[in-house]
Student: 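One structure follows; several queries about it will come next.
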Amino acid sequence: MSVFPYKYDVIVVGAGHAGCEAALAAARLGAKTCVLTINLDCIAAMSCNPAIGGLAKGHIVCEIDALGGEMARNTDATGIQFRRLNMSKGPAVRARRAQSDRLLYRLRMKQVMEAQQGLDIVQAMAGRILVKDGRTYGIESTVGQEIHGKTVIVTTGTFLRGLIHIGLRHFPAGRMGDPPSNSLSRSIMELGFKMGRLKTGTTPRLHAGSIDFSGLEKQAGDEPPPWFSIMTDRIPLKQIPCHITYTNERTHEIILKGLDRSPLFTGIIEGVGARYCPSIEDKVSRFRDRPRHQVFLEPEGLQTVEIYPNGIPTSLPIDVQIDMVRSIRGLEHAVIMRPGYAIEYDYADPLQLRPSLETRLVQGLYFAGQINGTSGYEEAAAQGIMAGINAARFVKDMEPVILDRSQGYIGVLIDDLCTKGTKEPYRMFTSRAEYRLMLREDNAAARLTPIGRKIGLVGDAQWDRFQARQTAYMNFLERLKASRITPSQDVNNWLESIGSSPIRQGTTIFELLKRPEIKLDAVCSRFGLEAPLPEVAARIEIETRYQGYIRRQEEDVKKFRKWESVPLPPDLDYSAVPGLSREVIEKLSRVCPESLGRASRISGITPAALTAIRIYLKKLGSTRDARDYKE
C-alpha cells in the first residue's frame with residue numbers, strides 16, 4: 001500500500017463549486033489542505049448553464065462573498081452580461097444574475113486555487129473513505145494510494161455512480177467526457193449511510209453561426225453592470241447580449257412523438273428529477289395547454305461559438321433533438337455541437353448531517369453540494385464554504401460556525417437540509433426564507449462580513465472596504481434624519497410634480513423617503529445632497545421605506561431565537577418522553593435536533609409534541625420554565 005508523502009488537516013474530494021470554496025476557506029483559515037480532482041482541467045467547470053446568480057441564488061453569492069469566499073469575485077472577473085431581476089417587485093425578491101465566460105470562469109478559479117498558500121491540488125479519484133474508531137483519517141485513491149488527513153469533505157457533484165442517458169442509450173459518466181466515481185459511492189454506503197438516486201439534465205449546445213438572430217428578441221445586460229463582490233471596482237470583460245425565442249406547437253408535436261424513446265417516459269431513469277426545472281419533454285407532456293415555452297439563448301463565452309439554449313434540457317434521442325431544435329424560430333438551421341442529456345447519480349440523505357455539515361455517522365467527515373441532494377452552483381458553493389470553515393475549526397478544536405435562518409439564505413439552505421431532508425433536487429427560492437425582507441442582497445455584507453472577519457476568513461482589504469461602506473451608510477442616514485424641511489410653495493410644487501402629496505408641517509428628509517413615490521436620487525438632487533455610492537443608496541432607500549415591515553420581522557426573529565436557544569441534549573431518549581407518537585420518536589431520533597426550534601421545523605412534529613418535550617425537559621431540570629417560551 002502506497003502512502004502519500006504529506007499529511008493534511010483537510011482533504012477535499014472534488015473540485016467543483018463546492019470543492020473550490022471548501023478548499024479555499026480551509027486553506028485561508030490556516031489548515032493544511034489538499035483537494036482531489038479527477039481532472040485538473042475541469043476545476044470549477046460549469047457543467048450546466050454558464051450563469052451565476054438569479055432569484056435567491058444571487059443572494060447566496062453575495063453571502064459567500066461577505067464571508068470571504070471566491071464565487072462572486074470569480075463571476076465579476078469573468079462575467080459577460082449582468083442583470084438585475086425582479087426590479088418591478090419588492091426588494092426582498094430582487095436579485096442579480098450574470099452570464100459567465102465558461103472557459104475563463106474555470107481557468108481563473110484554477111489560478112486562484114493554485115496560488116493559494118497551504119493548498120495542494122492533486123489529480124486523483126477517491127475510491128474509499130478511511131475510517132477508524134468512528135473517525136475518518138483520510139481517503140484511499142482508486143490506484144491504491146492512501147492520503148491521510150484529519151478531516152475529509154466530500155463534494156462529488158453528479159459523479160457518484162453517474163449514469164448519462166441519451167434516448168434509450170445510457171453509459172457511466174460523472175458528466176459528459178468524465179468517468180463516474182463508483183467505488184467511492186460503494187464506500188459511503190458500506191459506512192452505513194442511507195443513499196438515494198436523483199436526476200438532472202442539460203440542454204444541447206448550438207453553433208452560433210447556424211442561428212438566425214435577426215428575428216429574435218435581444219436582451220442586453222444592465223448598464224452599469226450590477227456586479228456581486230464588494231471587492232469589485234469594474235467589470236473587465238466585454239458585455240454581450242442574450243436572445244429569446246420560444247418553442248411552438250410543431251416543437252411540442254415532435255417531442256410528444258418521441259416520448260416512446262425517452263428514458264424518462266419509458267421508465268429507464270429511476271432517479272427523481274427537479275419539479276422546478278423539468279426537461280422540455282416533461283414540460284410539454286404536463287402542460288399540454290401551453291402553446292409555447294421560452295428558450296433563452298445564452299452565449300458560452302467570448303472566444304467560442306457555443307450557445308446554451310436555456311429552457312430545453314432533454315434526454316431525447318439525437319435525431320429527435322435535432323428536429324425539436326430546428327422547429328424553433330431562429331434555430332431552423334441550428335447545428336448541435338453537443339447533445340443534451342440526463343444524468344442520474346447517488347446522493348446521501350442530508351438528515352444524516354449536523355448543521356455544521358459534519359456527518360453524524362463518521363466524525364471529521366463532511367458532505368457538501370449535490371451529494372446532499374441540492375442542485376445549482378450557488379447552493380453547492382454555499383455548503384462548500386461552510387464545510388471548509390467548519391472542517392478547519394474542527395482540526396483546531398473550535399466550535400463550528402452555524403448560520404441560522406435569520407442570518408442568511410445559507411442558514412436557510414443548511415437548516416432545510418438537516419431538518420427536513422429532501423427527496424428531490426433541492427433548489428433555493430426566496431419563498432423558503434421566512435425573514436427574506438431582512439435577507440436582501442444589499443445588506444449581505446452588513447449581515448455576514450463581521451462573522452467572516454471574526455473567524456479569520458475576511459482579509460484586511462475586504463474589511464477596510466466594508467467598514468468604509470458602513471461608515472458612509474451611517475453618516476448619510478444621520479444626515480437624512482438631521483435635514484429638516486419646512487412647508488413652502490416651492491417644496492410642495494416639487495412634491496406635486498413627482499406625484500406626492502404636499503407637507504403641512506416640518507419634517508425630515510428621512511421621513512419624506514418613507515413615501516414610495518419619492519426616490520433617493522430625486523431627494524439628493526432637490527435638496528443639494530451628495531448622492532452616496534449606489535450600494536449604500538439602495539440599502540438606505542429600502543430600509544427607510546420598509547422600516548415598519550423590517551421592525552416586524554425583527555420581532556419575529558426574537559421569538560425565533562428564543563426557541564433556538566432551548567438546547568436539546570444529543571443523547572435525549574425521546575421514547576421516554578410521555579405523549580410522543582412512534583412516528584415522532586422515530587423522526588426526532590433520526591434527526592437529533594440541536595434545539596427545540598430546529599425540532600419544530602422537522603416535518604410531522606406537532607405543537608403538542610413540542611409541548612411534551614418542553615415539559616419533560618423541565619422535569620429533567622435542563623431548561624427554564626415552559627412559560628418562558630410562550631409566544
Side-chain angles (χ1 to χ4, degrees), residues 47-49 51 158 162-171 173 175-176 197-208 210-213 215-217 242-298 306-345 375-376 423-425 427:
S47 304
C48 197
N49 66 321
T158 60
L163 189 66
I164 282 180
H165 297 267
I166 302 176
L168 301 182
R169 297 178 179 271
H170 54 267
F171 51 91
R175 60 172 162 246
M176 189 68 82
R197 197 86 169 142
L198 296 178
K199 166 256 176 187
T200 189
T202 189
T203 73
R205 269 64 161 187
L206 311 179
H207 193 298
S210 66
I211 298 174
D212 180 6
F213 293 101
L216 303 184
E217 179 183 343
C242 296
H243 289 81
I244 296 173
T245 185
Y246 297 89
T247 63
N248 52 57
E249 292 181 0
R250 173 61 182 150
T251 311
H252 300 176
E253 181 182 328
I254 291 168
I255 291 169
L256 293 172
K257 284 183 178 180
L259 293 184
D260 61 335
R261 290 192 288 150
S262 164
L264 188 63
F265 284 83
T266 54
I268 295 175
I269 292 179
E270 299 174 356
V272 180
R275 286 177 294 164
Y276 51 81
C277 188
S279 65
I280 186 62
E281 53 264 40
D282 197 16
K283 281 193 285 189
V284 169
S285 179
R286 287 166 53 193
F287 306 107
R288 300 199 181 205
D289 58 326
R290 292 192 61 179
R292 67 179 191 174
H293 296 280
Q294 181 176 286
V295 182
F296 193 51
L297 301 177
E298 303 175 348
E306 287 189 76
I307 297 290
Y308 185 95
N310 197 341
I312 54 169
T314 183
S315 57
L316 288 166
I318 296 289
D319 58 309
V320 181
Q321 290 191 35
I322 293 172
D323 291 343
M324 172 189 72
V325 166
R326 291 185 173 181
S327 69
I328 298 171
R329 184 181 181 188
L331 310 182
E332 292 86 354
H333 304 288
V335 173
I336 293 180
M337 300 179 70
R338 310 186 199 211
Y341 62 86
I343 183 166
E344 287 185 277
Y345 56 95
S375 69
K423 300 293 185 183
E424 63 178 354
R427 178 180 178 179

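Note: hydrogens, waters and symmetry copies are ignored here, and every other heavy atom, side chains too, is used. In this text the structure is predicted, and so the values were computed from the model without any measurement.
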Student: Could you tell me the separation between the OG atom of Ser47 and the CZ atom of Arg175, rounded to the nearest 0.5 Å?
Tutor: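 These two atoms lie 4.0 Å from each other.
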
Student: Run Phe171 and Leu163 through side chain to side chain contact (heavy atoms under 4.5 Å, CB included) and show every step you take.
Tutor: CA-CA 6 Å; Phe171 51 91; Leu163 189 66; 5.6 Å; no

Student: Kindly indicate, with the supporting measurements, whether the criterion side chain to side chain contact (heavy atoms under 4.5 Å, CB included) is fulfilled by Ile328 and Tyr246.
Tutor: CA-CA 6 Å; Ile328 298 171; Tyr246 297 89; over 6 Å; no

Student: Kindly say whether Pro339 contributes a backbone atom to a donor-acceptor pair with the side chain of Gln321 at under 3.5 angstrom?
Tutor: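 Between the backbone of Pro339 and the side chain of Gln321 there is no qualifying donor-acceptor contact (under 3.5 Å).
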
Student: Roughly how far apart are Ile312 CD1 and Ser279 OG, rounded to 0.5 Å?
Tutor: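 Separation between the atoms: 11.5 Å.
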
Student: For residues Thr202 and Tyr308, determine if any side-chain heavy atom of one lies less than 4.5 Å from a side-chain heavy atom of the other.
Tutor: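 When only atoms from C-beta onward are counted, Tyr308 and Thr202 do touch, with a gap below 4.5 Å.
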
Student: Suppose we screen for salt bridge (Lys or Arg N to Asp or Glu O under 4.0 Å). Which residues come up paired with Asp319, at least two apart in sequence or across chains?
Tutor: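 Residues passing salt bridge (Lys or Arg N to Asp or Glu O under 4.0 Å) with Asp319: Arg261.
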
Student: Counting N and O atoms only, with roles assigned by atom type, does the side chain of Arg205 sit under 3.5 Å from a partner on the main chain of Thr203, one being a donor and the other an acceptor?
Tutor: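 Flag set: sc Arg205 to bb Thr203 pair under 3.5 Å.
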
Student: Is it true that the side chains of Ser315 and Glu281 contain a donor and an acceptor less than 3.5 Å apart?
Tutor: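 Present: a donor and an acceptor within the cut-off.
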
Student: With a 3.5 Å cut-off and no angle check, do the side chains of Arg329 and Thr245 form a donor-acceptor pair?
Tutor: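 No pair is found: no donor N or O on one side chain lies under 3.5 Å from an acceptor on the other.
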
Student: With sequence neighbours left out, write down each residue that passes side-chain hydrogen bond (donor to acceptor under 3.5 Å, both in side chains) with Thr200, or none if nothing qualifies.
Tutor: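 Listed in chain order: nothing, the list is empty.
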
Student: Rounded to the nearest 0.5 Å, what separates atom CD1 in Ile318 from atom CZ in Arg169?
Tutor: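 Ile318 CD1 to Arg169 CZ: 10.5 Å, rounded to 0.5 Å.
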
Student: For the residue pair Val325 and Pro309, establish whether any side-chain heavy-atom pair is separated by less than 4.5 Å.
Tutor: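 No - every pair of side-chain heavy atoms lies 4.5 Å or more apart.
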
Student: Could you tell me whether the side chain of Ile164 reaches within less than 4.5 Å of the side chain of His170, counting heavy atoms only?
Tutor: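 Not touching, per the 4.5 Å side-chain cut-off.
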
Student: Is Arg338 salt-bridged to Glu306, cutoff N-O under 4.0 Å?
Tutor: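 Answer for the salt bridge query: yes.
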
Student: Does a sphere of radius 6.0 Å around CZ in Arg286 hold more than 12 heavy atoms from other residues, nucleotides or ligands, not counting ones at 6.0 Å or beyond?
Tutor: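 Yes, the 6.0 Å shell around CZ holds more than 12 heavy atoms from other groups.
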
Student: Run the side-chain hydrogen bond (donor to acceptor under 3.5 Å, both in side chains) test on Thr247 and Arg250 for me, step by step, so that the C-alpha distance in whole Å, both residues' side-chain angles and the decisive distance to 0.1 Å come before the verdict.
Tutor: CA-CA 8 Å; Thr247 63; Arg250 173 61 182 150; over 6 Å; no

Student: How about Met324 and Ile280: do any of their side-chain heavy atoms sit closer than 4.5 Å?
Tutor: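 In short, these two side chains touch, coming nearer than 4.5 Å.
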
Student: Test side chain to side chain contact (heavy atoms under 4.5 Å, CB included) on Ile269 and Glu344; report intermediate values, then the result.
Tutor: CA-CA 7 Å; Ile269 292 179; Glu344 287 185 277; 3.9 Å; yes

Student: With side chains defined as the heavy atoms from C-beta onward, is the minimum distance between His165 and Tyr341 less than 4.5 Å?
Tutor: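 When only atoms from C-beta onward are counted, Tyr341 and His165 do not touch, as no gap falls below 4.5 Å.
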
Student: Specify the closest pair of heavy atoms between Cys48 and Gly201, including all atoms of both residues, with the distance to one decimal.
Tutor: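 Scanning both residues completely, I find the closest heavy atoms to be SG-O, 4.0 Å.
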
Student: Gly258 and Leu316: which non-hydrogen atoms are nearest, and at how many Å?
Tutor: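 Scanning both residues completely, I find the closest heavy atoms to be O-CD2, 3.7 Å.
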
Student: Under 3.5 Å, is there a donor on one side chain and an acceptor on the other for Asn248 and Thr251?
Tutor: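 Distance-only check passes for Asn248 and Thr251.
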
Student: What is the distance from atom OG1 of Thr314 to atom CG of Asp282, rounded to the nearest 0.5 Å?
Tutor: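 One gets 10.5 Å once the value is rounded to the nearest 0.5 Å.
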
Student: What's the spacing between Leu206 CG and His333 NE2 if we round to 0.5 Å?
Tutor: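 Nearest 0.5 Å value for the CG-NE2 distance: 14.0 Å.
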
Student: Using every non-hydrogen atom in the two residues, find where Ile254 and Ser327 come nearest and quote the distance to one decimal.
Tutor: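 Here Ile254 and Ser327 meet closest at CD1-CB, 3.8 Å.
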
Student: Does the side chain of Lys199 reach to within under 4.5 Å of the side chain of Pro263, using non-hydrogen atoms?
Tutor: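 Lys199 does not reach Pro263 side chain to side chain.
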
Student: Just wondering, do Val295 and Ile244 contact through their side chains at under 4.5 Å, heavy atoms?
Tutor: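 Not touching, per the 4.5 Å side-chain cut-off.
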
Student: Is there side-chain contact between His293 and Lys283, with heavy atoms separated by less than 4.5 Å?
Tutor: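 Yes, close enough: below the 4.5 Å cut-off.
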
Student: Between Arg288 (side chain) and Ser285 (backbone), is there a donor-acceptor pair under 3.5 Å?
Tutor: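 Pair found, side chain donor or acceptor close to backbone of Ser285.
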
Student: Going from CD on Gln294 to CG on Asn310, what distance comes out if it is rounded to the nearest 0.5 angstrom?
Tutor: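 Taking CD in Gln294 and CG in Asn310, the distance rounds to 8.5 Å.
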
Student: Should Phe213 and Leu297 be marked as a side chain to side chain contact (heavy atoms under 4.5 Å, CB included) after you check the CA-CA gap, both sets of side-chain angles, and the distance that decides it?
Tutor: CA-CA 10 Å; Phe213 293 101; Leu297 301 177; 4.1 Å; yes

